[in-house]
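Worth knowing before you read on, the calculation uses all heavy atoms, side chains too, and leaves out hydrogens, waters and symmetry mates. Each chain gets a letter, A, B and so on, in the order the sequences are listed, and its residues count up from 1.
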Number of protein chains: 2
Amino acid sequence: MVTRKKVALRAGVSVSVVSRAMNNSGYVEAEKKKRILAIAEELGYYPHPVAEALQKRRTKQILFFCKDLKNSFYIDMYRGMVEAAGKRDYMVVFNGSMDFEKIRNAMIDGIIMPNEGITQHYLDTVGRNYRLPVVSASYGNAEGFSRAVPRVEIDMVRVMELAVRALRENGHRRIALGMPYPFSSMDARRLSFCSLMKEVYGDRLKEYYIGVHREDMAGDSRILSFLEDERREDGMQLMEEDFFGKGELAARLFAERRLDATAVVAFNDEFALGMCKAFHSMGLRVPEDISIIGIDGSSARKYMDPLLTSVGLFPEKQGAKCADILLDMLEGKKVKYVSGSPVQLVKGASVRKIR
Amino acid sequence: MVTRKKVALRAGVSVSVVSRAMNNSGYVEAEKKKRILAIAEELGYYPHPVAEALQKRRTKQILFFCKDLKNSFYIDMYRGMVEAAGKRDYMVVFNGSMDFEKIRNAMIDGIIMPNEGITQHYLDTVGRNYRLPVVSASYGNAEGFSRAVPRVEIDMVRVMELAVRALRENGHRRIALGMPYPFSSMDARRLSFCSLMKEVYGDRLKEYYIGVHREDMAGDSRILSFLEDERREDGMQLMEEDFFGKGELAARLFAERRLDATAVVAFNDEFALGMCKAFHSMGLRVPEDISIIGIDGSSARKYMDPLLTSVGLFPEKQGAKCADILLDMLEGKKVKYVSGSPVQLVKGASVRKIR
DNA sequence: TTGAAAGCGCTAACAT
DNA sequence: ATGTTAGCGCTTTCAA
């Protein structure tokens with residue numbers, strides 16, 4: 001292996017001069033520097049990243065603590081942070097397990113958490129006696145945690161408003177909400193939906209909430225796999241959720257209830273795609289018979305026929321911002337406690353104009 | 001920061017005893033060991049991964065040198081390797097750029113390459129004076145490179161045979177091939193298709209090859225984005241390809257040619273989904289009017305209506321095998337020069353039985 | 001402007 | 001069974 005020592009020996013100087021030459025810091029005679037650089041080049045010298053990391057106490061790596069690589073939303077977030085971090089010469093690693101202990105064995109300078117739940121859990125456990133900078137993605141459910149953890153928030157209240165407004169502008173009054181959780185969940189989407197629709201529905205509000213969860217699925221042959229989905233450990237989502245499958249079920253529930261809704265807002269695009277496919281198999285056409293709007297603005301939108309209208313969440317931007325904020329923290333800059341990430345309606349053809 | 005030194009001080013022993021206690025290697029009195037471990041626990045001591053990496057010259061990280069995180073095939077490969085590596089206490093990092101130089105600044109013990117093209121390019125450039133163990137995924141185009149690089153190969157000849165056989169067993173005789181490359185490309189799929197079909201088609205073979213590429217797209221408004229797609233640098237694919245979009249175009253080309261084919265084998269599932277959507281918009285039904293079979297067995301299959309029949313390539317397995325082989329190399333075991341990764345027909349509903 | 005030396009946190013050969 | 005010591009490859013005072 002070619003080390004600084006070898007280069008120094010060859011150049012007839014000491015390692016510290018070589019060091020200074022490489023980092024161009026401190027004094028070193030111009031001529032000498034050129035010669036040293038030339039020799040380094042010739043010898044094929046590259047600084048040893050591990051040694052540098054040990055000395056500088058900077059690994060130039062941050063961790064995205066997320067297991068769910070099946071979920072395209074998180075993949076996009078990851079892509080965003082990889083790109084942002086790359087620009088600042090950082091790598092983003094990914095451990096692929098939900099084992100907090102592993103964090104402590106990883107060569108990282110900071111952590112990005114994919115959502116509030118995991119952040120909170122982390123803070124309550126390992127985080128208590130392990131201080132590494134953390135940034136969290138967030139979706140309006142971050143009441144609990146301290147400002148020690150800056151977050152990049154997507155305003156789900158606003159998202160739901162955009163979805164409902166898009167439908168109302170097209171004449172829809174009766175709107176259902178398809179969700180993978182029971183009504184009791186405190187998901188910001190549900191909350192926002194309720195406050196937007198309560199004056200329309202009054203007491204019947206709950207009927208328009210299509211929640212796919214255990215109780216609704218008794219007797220369904222898929223119940224087992226869903227039970228798996230719902231298994232959590234320490235309040236943390238461990239399994240990847242099959243939103244598409246849940247969407248299909250939601251469509252069935254919707255049909256069974258014989259609602260007068262002309263449109264449905266889906267939990268996310270996967271869920272919407274599942275609903276659409278199931279509607280189709282039941283002979284319901286989208287958007288002629290029922291309009292659908294998704295949430296995410298994912299690239300999977302295009303698989304749907306008609307193209308899915310959705311509220312874009314731009315997870316890449318959110319991921320990029322998380323990375324940038326984390327790196328700012330590492331550089332000692334002070335950062336905002338909460339920053340927002342933009343959302344915007346992404347038009348498709350799955351919403352019909354009525355009346 | 002809690003170091004071994006502190007633990008040693010507190011326990012009234014020397015660092016090396018602590019070291020031995022932690023790694024349970026070498027001698028250390030049972031009682032003492034227990035006490036040391038207790039103290040470490042109490043102090044919240046964790047070994048410093050960077051220091052260990054420097055000393056042992058093992059970073060416990062391997063690199064997946066792949067930029068294209070938009071492609072679900074590579075994501076699945078990545079998931080497979082993350083899981084396999086995780087079991088052996090390794091992390092898989094991802095740099096997100098195609099900059100070979102960055103490899104040299106990364107804390108890694110080895111590299112997994114996503115395909116032969118990139119491997120070859122790497123060997124021809126940085127690899128020449130930088131020796132890190134490499135394993136490559138491969139698809140039957142690895143003539144060139146030496147056995148210094150073991151590969152995990154998916155037998156695309158076999159894949160095409162499975163696809164064609166599945167169609168023939170359902171009575172299809174006239175089969176087209178939809179590809180995102182010109183006929184001249186040496187893709188193993190094309191080669192295999194040709195050798196399987198030449199006796200059926202004779203001179204007309206080329207007509208049944210639907211190659212979406214520049215020449216075919218003159219006048220198409222999408223030409224610009226495709227030109228982008230086709231831009232390569234140093235023989236290496238830099239842009240993410242829009243297989244779905246190419247599939248849509250392929251369906252149009254197919255219709256224009258008025259072929260008598262009853263079925264089409266698509267380059268991959270994305271391509272197949274694109275074809276299906278376009279067929280649908282032209283009033284052609286799948287599989288009533290035309291059967292489609294994809295390649296990949298990706299989870300995106302489910303978005304299609306009807307569910308896409310495909311040849312499963314199980315990229316997760318391929319990725320896992322790449323990781324295992326690479327780690328075997330790092331452990332000094334000797335490994336096979338080429339190993340295979342299984343493929344298998346994955347049934348759907350996009351192939352109709354005819355006659 | 002240069003070089004010697006200490007040290008980042010850990011391991012392992014060697015002496016005790 | 002334990003401690004001393006010499007590194008791993010690099011940076012950074014500090015003295016020359």
Can you tell me how far P of D/dA1 sits from CG of B/N24, to the nearest Å? 14 Å
So A/V13, base contact, sugar-phosphate only, or nothing? Heavy-atom distance under 4.0 Å. sugar-phosphate
Could you check whether any side-chain N or O of B/Q318 sits under 3.5 Å from a backbone N or O of B/M77, counting only pairs where one atom can act as donor and the other as acceptor? no
Can B/N105 and B/E101 be counted as having a side-chain donor-acceptor contact under 3.5 angstrom? no
Would B/L330 and B/I62 count as a side-chain contact (heavy atoms from CB on, under 4.5 Å) if you check the C-alpha gap in whole Å, the side-chain angles of each, and the deciding distance to 0.1 Å? CA-CA 10 Å; B/L330 292 176; B/I62 55 182; 4.3 Å; yes
Measure the distance from CD1 on B/I36 to P on D/dA1 and round it to the nearest whole Å. 13 Å
Go through residues 103-110 of chain B and report each residue with a non-hydrogen atom lying under 4.0 Å from DNA chain D, sorted by number. none
Single hit among B/K6, B/R4, B/R10 for side-chain hydrogen bond (donor to acceptor under 3.5 Å, both in side chains) with B/Y45: B/R4
Does one side chain, of A/S138 or A/S136, offer a donor that lies under 3.5 Å from an acceptor on the other? no
Can you name the closest pair of heavy atoms from B/R128 and B/L123 and give their distance? CG-O, 3.2 Å
How does protein contact run along nucleotides 6-16 of chain D, one letter per nucleotide 5' to 3', with B for base contact, S for sugar-phosphate only, - for none, heavy atoms under 4.0 Å? -BBBBBB----
Is any side-chain N or O of B/K32 closer than 4.0 Å to OP1 or OP2 of D/dT2? yes
Check this for me: A/E41, atom CD, are more than 12 non-hydrogen atoms of other residues, nucleotides or ligands nearer than 6.0 Å? no
With salt bridge (Lys or Arg N to Asp or Glu O under 4.0 Å) as the test, pick out the partner of A/D324 among A/K333, A/R88, A/K87, A/K336. A/R88
